[in-house]
There are 2 protein chains.
Amino acid sequence: MAKNKKTTIQDLANYANVSIGTIDRVLHNRGKVSPAKRKKVEEAIEKLDFNPNLLARTLALGRQFTVCSLFPEATTSQSYWALPKIGVDQGVEVYRDFGMDLHAYEYSLFDESSFIKNADAILGKNPSGVILAPLFEKESLEFITKLQERSIPYVFIDANIKNKENLSYIGPDLKGSGYIAGKLLNSVLEPSDDILIVNMVKGFENSAHTAVVEKGFREFFKSNAALSNRKIDSITIPSTLETEVSRELTKYYIKNPGTKGVFVTNSRAHLISRYHALHELDIKVVGFDIVPGNVAELKNGNIDYIISQRPVFQGVTAVKTLFDFFVYKKSPAIVQYVPLDIIIKENVDYYINFQ
Amino acid sequence: MAKNKKTTIQDLANYANVSIGTIDRVLHNRGKVSPAKRKKVEEAIEKLDFNPNLLARTLALGRQFTVCSLFPEATTSQSYWALPKIGVDQGVEVYRDFGMDLHAYEYSLFDESSFIKNADAILGKNPSGVILAPLFEKESLEFITKLQERSIPYVFIDANIKNKENLSYIGPDLKGSGYIAGKLLNSVLEPSDDILIVNMVKGFENSAHTAVVEKGFREFFKSNAALSNRKIDSITIPSTLETEVSRELTKYYIKNPGTKGVFVTNSRAHLISRYHALHELDIKVVGFDIVPGNVAELKNGNIDYIISQRPVFQGVTAVKTLFDFFVYKKSPAIVQYVPLDIIIKENVDYYINFQ
DNA sequence: TTTATATTTGTGTACCTACACACTTTTTTA
DNA sequence: TAAAAAAGTGTGTAGGTACACAAATATAAA
């Protein structure tokens, strides 16, 4: 053991009777060392339990890591996409003194060309790494092709495109999240109650995403014969405007008065539950993510369960993944599923206070 | 802005036409600077947006932080106390190059004198800070008195002693955790079903702890008139041995056949649910913590809900709290409640894979 | 005005690593 | 065998900060 003080390269040099230059050549396999001395040095490394000091190394190398993020724009501080951004900022803050540096870019979900424009801007920066939320599949593919040409590593966050050369995907297991939603909604319904799945799509978001969530949801009910003869409809509302949402829901509920549970496949459940409250409908709601709107509705009882996919943590993890790759050359797991937190009125505050 | 390269003290010196020595005196309020130069330097700090480089500072100071932890012993790698330990190890690993250094001590829950012995050993080390799980209240009070005499900062983890000079408490809101357990158990029971609360106490653990959890649990049922006429008993089993547990449960269940739900106030729910499975009893179980025994029982359906108080995260947070205090002189919140995660069969794996 | 004292300011070194460069020793080739 | 090439080894410096110490300047006392 003998780890009173940390072993330095000078300690190694003293032990092996060589200069620190030779130590360095051995450590970094830069050749030009006689077998005899190399052996002595390796013995020293072993005996003195040497670990390079990351601080001194970072300082000596003076490297700079520029990371670019490309996310959908957070229209207000209330919206979901504000959260991963906060996480990325937090992560970069931690590694700032290690030379990490962030340029955040945003694209509009209503405008593919804004994605392309920002992607090009990122390429112009020639970053060390990229964090991408690939909600536009086609444009994302073009972008990552160019990243690969330039050997710029990238991670996907929140949404995944499979079988690509991304370093890692950091986000939820979409199918699993739907399955859990199914279990939760089922737990607050009677066996005969009908269910509605609402896909509320904003702009040109990739709908393959919500399709997987829906599939997981339906799978829960299929997995249990006793539950599988319940009616489960799904509708897509191509807007987040109150009037549009209101009209679509009214249209549906008038035709389907047996609906007792709603599953909203993204973070906009509060738009639905507010409608229910307004029209005094006793319908259970399960949705995603701890955004302010959902929290308020959860607390006043209009939403029953929120599933959180830890958006802040996703951002932090994405940054950490890139850093570990740059500095420690550590290859991350290709898929890093975040925990899916089950949030109810009674535990939501603990989550809010800790992010 | 102009943050192309980070501002260094040399940059400040150039801007203010002084030496870096003077810069340092201003930065650290070491006096002996003429008002004129001080003003110029302060202007430089402002204009150039200077932030000291933590790496270089740490290297220059060469400080060493010795942290000692004092936890109950983890009898096997399966037991709860293995988890906070893992967290502490992870945290210390992060800050190792910043001079942080850990000595972990353990005490037996069956032997107060082992607590005293280890506490004395820690005092002998004269650490920079201490992480304490104060499960023996009296002995803990004596220990922290001595820590205070020596001005050694300490944090409580997992269990709290209120109104002490601890830097912070990092752990669950015990009352809230009981309340949530009540809500969860209620959600899987019929209104007329009876409930049993099991306090399984090992050694001389502080039972005030479980009393608070039980109080929170009962409060849930009191808060709702419709639920408050259900029978809720509680028993204390002063052992974790299978034969003891078995005898106590048999005794109770024979006299109380209406029992349909059990709440176990600590991490030993699997001992109860195994008994249920063995005796083919259809009794719902809610307990705490993702220990291997509970995970297995959750997966095979004998436990319905596990509430996790993020033990690993508690350890990490405790270390981070001390580090921030040492290095940034940042005073933490006196109470840092960890999120209370609701774990079911369907989401448990995400939690396991991420710790 | 000179000396003594206090105040202010600058310099050098340590912390640890990485790498360029220079120097020394050995081996190869003419 | 001398010169050239190759291999092996050591030195110096940068990177940013903190602090001891030296130096310079200003103020007070004689």
Side-chain angles (χ1 to χ4, degrees), chain A residues 3-42 44-45 48-65 95-101 326-329, chain B residues 3-42 44-45 48-65 96-100 326-329:
Chain A
K3 38 133 77 175
N4 283 4
K5 287 266 166 283
K6 283 214 51 179
T7 300
T8 70
I9 53 171
Q10 187 60 60
D11 296 334
L12 296 181
N14 295 149
Y15 183 99
N17 267 105
V18 295
S19 73
I20 59 168
T22 301
I23 301 291
D24 186 63
R25 274 182 284 271
V26 173
L27 285 175
H28 298 94
N29 256 78
R30 294 201 278 118
K32 303 176 194 252
V33 179
S34 65
K37 300 222 167 181
R38 145 161 273 128
K39 197 158 166 241
K40 201 90 212 296
V41 171
E42 278 163 354
I45 293 171
L48 302 181
D49 184 29
F50 171 80
N51 279 91
N53 182 311
L54 182 62
L55 272 54
R57 157 180 283 165
T58 305
L59 218 44
L61 286 178
R63 272 190 292 178
Q64 201 69 20
F65 306 109
Y95 298 118
R96 206 196 56 199
D97 286 330
F98 291 86
M100 191 169 260
D101 192 11
F326 296 147
V327 174
Y328 298 106
K329 298 171 189 355
Chain B
K3 37 133 81 176
N4 282 4
K5 286 267 165 282
K6 283 213 51 180
T7 300
T8 70
I9 53 169
Q10 188 59 63
D11 296 334
L12 295 180
N14 295 150
Y15 183 98
N17 267 106
V18 294
S19 73
I20 59 169
T22 302
I23 301 291
D24 186 62
R25 274 182 283 270
V26 173
L27 285 175
H28 297 94
N29 256 78
R30 293 202 278 118
K32 301 176 195 253
V33 179
S34 65
K37 300 223 169 184
R38 144 161 274 130
K39 194 153 169 249
K40 203 90 213 299
V41 171
E42 278 163 353
I45 293 171
L48 302 181
D49 185 30
F50 171 80
N51 280 91
N53 183 311
L54 183 62
L55 272 54
R57 158 177 284 167
T58 305
L59 216 46
L61 285 178
R63 273 189 293 179
Q64 201 68 21
F65 306 109
R96 207 195 55 200
D97 285 331
F98 290 87
M100 190 168 261
F326 295 148
V327 174
Y328 297 106
K329 299 169 189 355

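Residue numbers begin at 1 in each chain, while the letters A, B, ... track the order of the sequences.
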Of the nucleotides [options], which one has an atom closest to the side chain of [X]?
X	options	answer
A:Ile20	D:dT11, C:dC16, D:dT9	D:dT11
B:Asn53	D:dG16, D:dA18, C:dA18	D:dG16
B:Val18	D:dA18, C:dG10, C:dC16	C:dG10
A:Ala56	C:dC16, C:dG10, D:dA18	C:dC16
A:Arg25	D:dG15, C:dC21, D:dT17	C:dC21
A:Lys37	D:dG10, C:dC15, D:dT17	D:dG10

Rounded distance in Å - [atom1] ([X]) to [atom2] ([N]):
X	N	atom1	atom2	answer
A:Asp97	C:dC16	CG	P	19 Å
A:Arg96	D:dG16	CZ	P	14 Å
A:Asp24	D:dG8	CG	P	16 Å
A:Leu27	C:dC16	CG	P	15 Å
B:Leu61	D:dA20	CG	C1'	14 Å
B:Arg30	D:dC21	CZ	C1'	12 Å
B:Leu12	D:dT17	CG	P	8 Å
B:His28	D:dA20	NE2	C1'	15 Å

Below the 4.0 Å mark, does [N] have OP1 or OP2 next to a side-chain nitrogen or oxygen of [X]?
X	N	answer
B:Ser34	C:dT9	yes
A:Lys32	D:dT9	no
A:Arg57	C:dA18	yes
B:Thr22	C:dG10	yes

### Query
Short question: side chain of A:Asp97, backbone of B:Leu54 - any donor-acceptor pair under 3.5 Å?
yes

### Task
Using modelled atom types only, decide if a donor and an acceptor are shared between the side chain of A:Thr22 and the backbone of A:Val18 within a distance under 3.5 Å.
no

### Message
Does A:Gly62 reach a base, just sugar-phosphate, or nothing at all? Heavy atoms under 4.0 Å.
### Response
nothing

### Query
Any idea how B:Phe98 and A:Phe98 line up, ring-wise: parallel (<30°), tilted (30 to 60°), or perpendicular (>60°)?
perpendicular

### Task
Using the test salt bridge (Lys or Arg N to Asp or Glu O under 4.0 Å), find all partners of A:Arg38 that sit at least two apart in sequence or belong to another chain.
A:Glu42

### Contact check, side chains of B:Ile9 and B:Phe50, non-hydrogen atoms, under 4.5 Å
yes

